[in-house]
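Take a look at the structure below.
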Amino acid sequence: MSDLEVHADLLRELHHGSMLVLPNAWDEPSAELVVELGFPVVATSSAAVADVLGHADGEKAPWREMFAAVARIARTVPVPVTVDAEAGYGLSPDDFVAALLDAGAVGCNLEDTDHRRGGLLDAREQADRLAGVRAAADAAGVPVVVNARIDVFLPSSGIGEADRLPEALRRARLYRAAGVDCVYPIGGSARTTLPPLVAEGPVNGNTTDELDLEALRSLGVARVSFGPRFYRGGGLATMRDALEQLGAR
């Protein structure tokens, strides 16, 4: 097996054991810190990486620059790398998977926000795209781990509060049927919203004032990510303190 296959298999397995904690890195030193403190996977933050490169979040950075940053991280660390790839930068599934693997990454977040027109992408069209990514990864021989971000809980989605959970569940079912490994209801980490989603498969959650890591674990969340929190919170020194408190769980 290639190193990419081994890393992809490991990343997938980590979604089905103890909750996977993913502190998000933005460059080589922050990725090395994640590994130094015992975390088994490095995840990137698109907002943090874009900011380091001098661009705004929301697919404003050229995709080649984003993947070049990922490649530098992947060359630096010996663990699996998963990429916050926003909405895929308009690349076809084949081109997207090729860029991901060329960078040395074996996982990705793909969100359903439409960065060009605003609001959300059509759920069935997004499911078709996710199925295309899964097919392209299978054809490449690497079981890329796909985390499908569901953006209905964000104000920019235009979805009314009462309709958010039903729409999140609808999208989660479509995306799971398309072959994704995990769904990520960003902005929807709450005791009322997570259990119905968790009941149907692995879910990526976030800590909040009401939900710490232990609470998320008790709800059955498979993985937890932090986005640009450590980058915006003060960089490496602050990140070290925070990760030492988290521990590699």
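If you read the sequence from its start, that first residue is 1, and numbering goes on from there.
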*Taking 4.0 angstrom as the limit, do Glu167 and Arg171 come out as a salt bridge?*
yes
_Please list all pairs meeting salt bridge (Lys or Arg N to Asp or Glu O under 4.0 Å) that have one or both residues in residues 141-157, counting only residues at least two apart or in different chains._
Glu111-Arg149, Arg149-Asp151
_Looking only at the side chains, is there a donor atom on one of Thr44 and Asn24 sitting less than 3.5 Å from an acceptor on the other?_
no
*To the nearest 0.5 angstrom, please state how far the CG atom of Leu236 sits from the OG atom of Ser30.*
6.0 Å
*Test log, rule salt bridge (charged side-chain N to carboxylate O under 4.0 Å, His left out), inputs Glu210 and Arg191*: CA-CA 9 Å; Glu210 289 74 35; Arg191 293 185 185 277; over 6 Å; no
*Ile186, Leu121: one ILVMFWY side-chain cluster at the under-4.5 Å cut-off?*
no
_Is there a side chain to side chain contact (heavy atoms under 4.5 Å, CB included) between Glu65 and His55? Walk through the geometry before answering._
CA-CA 10 Å; Glu65 290 188 34; His55 302 283; 3.2 Å; yes
*Mind running side chain to side chain contact (heavy atoms under 4.5 Å, CB included) on Tyr231 and Phe226 for me, showing each step along the way?*
CA-CA 10 Å; Tyr231 172 74; Phe226 296 85; over 6 Å; no
*Do Glu32 and Thr76 come within less than 4.5 Å of each other through their side chains, counting heavy atoms only?*
yes
*Within 6.0 angstrom of Asp128 CG, more than 12 heavy atoms from elsewhere*: yes
*Kindly compute the distance separating CG (Leu11) from CG (Leu4), expressed to the nearest 0.5 Å.*
12.0 Å
*Pairing of Arg173 and Glu200 as salt bridge, 4.0 angstrom limit*: yes
*Does atom CZ of Arg170 have more than 12 heavy-atom neighbours, drawn from other residues, nucleotides or ligands, at distances under 6.0 Å?*
yes
_Taking salt bridge (Lys or Arg N to Asp or Glu O under 4.0 Å) as the cut-off, I'd like each qualifying pair that reaches into residues 35-46, sequence neighbours left out, listed once._
Glu36-Arg240
*Within the side chain of Asn204, is there an N or O that forms a donor-acceptor pair under 3.5 Å with the backbone of Asn147?*
no
*asked:* According to salt bridge (charged side-chain N to carboxylate O under 4.0 Å, His left out), who are the partners of Arg12, at least two apart in sequence or on a separate chain?
replied: Asp181
